**Q** 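To start, I am sharing the structure in question, which I have written as structure tokens.
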Amino acid sequence: MTEIVLASNNAGKIKELKALLPAFHLLSLKDIGFDLEIPEPFETFEENAKEKAKTIFEFCGKNVLADDSGLCVSALNGSPGVHSAYYGGHPRSDEKNNLQLLTALKGNINREANYKAIICLYRKEGVHFFEGTCQGTILEAPQGNAGFGYDPLFVPNGFTQTFAELPLEVKNKLSHRGKAIEKLKAFLDKA
Ligand code: IMP
């Protein structure tokens with residue numbers, strides 16, 4: 001199984017997934033001629049990842065990978081969670097999302113958070129899920145220009161720099177997405 005369609009329009013995720021899966025021939029939604037928004041209407045990462053993967057599998061019939069992910073903040077009872085992409089409103093903007101997060105956490109000394117990713121592999125042989133989490137803390141002001149989303153505010157545990165300051169190879173070793181993809185690779189190696 002070398003060809004996989006990535007069911008995402010998020011440039012940040014796609015860049016990371018390409019670096020994490022060098023042995024695969026990854027196709028974009030553009031490559032398969034899919035140019036609509038993919039629905040993610042559910043309240044769990046699993047259901048949204050499956051919905052995205054299923055939508056694209058039914059469109060093209062090829063092997064599909066979908067990633068549904070987000071930032072879960074302890075002091076906000078797990079928010080923004082599955083609503084991470086549009087936390088700051090529509091249209092989606094990382095800047096607005098980060099500002100919304102800083103506003104929600106203003107004055108709060110509990111800065112604990114974790115990123116969570118569910119990767120769904122959807123093939124004619126079956127559907128499989130792979131999970132990854134990454135614990136860290138939320139800063140009071142953004143730092144760094146790499147990465148995407150909440151990365152300028154997120155410092156992984158054991159580090160002093162944010163994911164927007166650390167090199168991609170380091171983020172990919174520690175991150176929720178990197179851990180989920182490791183599980184996917186182990187699964188495919190055994191199959
Ligand atoms: P979705 O999976 O399309 O619902 O979007 C996930 C959202 O969660 C992104 O738009 C980001 O806001 C956030 N997110 C997920 N993973 C990461 C990451 O690795 N870095 C920064 N933000 C992330």
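Small disclaimer: the values here were computed from a predicted structure and weren't measured. Ligands are counted one by one from 1 in listed order, and the atoms in each one are counted from 1 as well.
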**Q** Among Phe148, Phe45, Tyr150, which one puts a heavy atom closest to atom 17 (C) of ligand 1?
**A**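 The nearest heavy atom belongs to Phe148.
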
**Q** Nearest to atom 7 (C) of ligand 1 by heavy atom, Gly149, Ala164, Ser8, Ser69: which?
**A**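 When every heavy atom of Gly149, Ala164, Ser8, Ser69 is considered, Ser69 comes closest to atom 7 (C) of ligand 1.
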
**Q** Could you check whether any side-chain heavy atom of Glu51 comes within less than 4.5 Å of a side-chain heavy atom of Pro41, counting everything from C-beta outward?
**A**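 Yes, at least one pair of side-chain atoms sits under 4.5 Å.
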
**Q** Side-chain contact, heavy-atom cut-off 4.5 Å: Phe154 with Asn98?
**A**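 Result no, sub-4.5 Å side-chain heavy-atom pair not found.
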
**Q** Would Lys183 pass as a cation-pi partner of Phe130, given that its NZ or CZ must be under 6.0 Å from the six-membered ring centre and within 45 degrees of the axis?
**A**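 No, a cation-pi geometry is absent between Lys183 and Phe130.
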
**Q** Give yes or no for whether the N/O distance cutoff of 3.5 Å, strictly under, is met between Lys171 and ligand 1.
**A**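 There is such a contact, yes.
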
**Q** Phe57 versus Val127: any side-chain heavy-atom pair under 4.5 Å?
**A**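 They are not in side-chain contact.
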
**Q** Tell me whether Asp151 reaches ligand 1 (any heavy atom closer than 4.0 angstrom to a ligand atom).
**A**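 The answer is yes: ligand 1 sits under 4.0 Å from a heavy atom of Asp151.
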
**Q** Does at least one non-hydrogen atom of Gly70 fall below 4.0 angstrom from an atom of ligand 1?
**A**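 Gly70 counts as a contact of ligand 1 under the 4.0 Å cut-off.
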
**Q** Give me the residue, atom name and distance of the protein heavy atom closest to atom 5 (O) of ligand 1.
**A**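 The closest one turns out to be Ala85 CB, 3.6 Å.
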
**Q** Among all protein heavy atoms, pick the one closest to atom 9 (C) of ligand 1 and tell me residue, atom and distance.
**A**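 Looking at atom 9 (C) of ligand 1, the protein heavy atom closest to it is Asn10 ND2, 4.1 Å.
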
**Q** Stepwise, does the ring pair (Phe, Tyr, Trp, His ring centres under 6.0 Å) test hold for Tyr87 with His83?
**A** CA-CA 6 Å; Tyr87 191 43; His83 304 292; 9.0 Å; no

**Q** Indicate, as side chain, backbone, both or neither, the part of His83 found under 4.0 angstrom from ligand 1 when only non-hydrogen atoms are considered.
**A**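 Neither; nothing of His83 gets under 4.0 Å from ligand 1.
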
**Q** Please report which non-hydrogen protein atom sits nearest to atom 16 (N) of ligand 1, along with the residue it belongs to and the distance in Å to one decimal place.
**A**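 Minimum-distance protein heavy atom for atom 16 (N) of ligand 1 reads Arg177 NH2, 2.9 Å.
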
**Q** Just to confirm my output: which protein heavy-atom neighbour is closest to atom 1 (P) of ligand 1, and how far is it?
**A**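 Going atom by atom, the protein heavy atom closest to atom 1 (P) of ligand 1 ends up being Lys13 NZ, 3.5 Å.
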
**Q** I'd like to know whether Val64 forms a side chain to side chain contact (heavy atoms under 4.5 Å, CB included) with Ile4, so could you lay out the CA-CA distance, the side-chain angles of the two residues, the decisive distance to 0.1 Å, and finally the verdict.
**A** CA-CA 5 Å; Val64 178; Ile4 310 183; 5.6 Å; no

**Q** Show which atoms of ligand 1 fall inside a sub-4.0 Å distance from at least one heavy-atom site of Asp67.
**A**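 Those atoms are 2 (O).
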
**Q** Asp35 vs Lys30, test: salt bridge (Lys or Arg N to Asp or Glu O under 4.0 Å). Steps then yes/no.
**A** CA-CA 7 Å; Asp35 58 6; Lys30 201 169 159 211; over 6 Å; no

**Q** Are side-chain heavy atoms of Arg92 and Asn10 found at a separation under 4.5 Å?
**A**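 Yes, close enough: below the 4.5 Å cut-off.
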
**Q** Going by the atom numbers of ligand 1, which of them fall below 4.0 Å from some non-hydrogen atom of Lys52?
**A**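 Counting atoms of ligand 1 from 1, those under 4.0 Å from Lys52 are 1 (P), 2 (O), 3 (O).
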
**Q** Using the rule given for salt bridge (Lys or Arg N to Asp or Glu O under 4.0 Å), can you reason through Lys185 versus Glu182, listing the C-alpha separation, both sets of side-chain angles and the distance that settles it, and then say yes or no?
**A** CA-CA 5 Å; Lys185 284 183 183 168; Glu182 278 313 306; 3.8 Å; yes

**Q** Work out which heavy atom in Arg177 is nearest to a heavy atom in Phe148; give both atom names and the distance.
**A**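 Of all heavy-atom pairs spanning Arg177 and Phe148, the closest is NH1-CZ, 3.7 Å.
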
**Q** Under 4.0 Å from a heavy atom of Asp68: give me the atoms of ligand 1 that qualify, with their elements.
**A**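 Those qualifying, in numeric order: 1 (P), 2 (O), 4 (O).
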
**Q** Should Tyr115 be counted as touching ligand 1, given the test is an N or O pair under 3.5 Å?
**A**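 N/O-N/O distance below 3.5 Å exists for this pair.
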
**Q** Counting each atom of ligand 1 from 1 as listed, which ones have a heavy atom of Glu40 under 4.0 Å away?
**A**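 Those atoms are 1 (P), 3 (O), 4 (O).
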
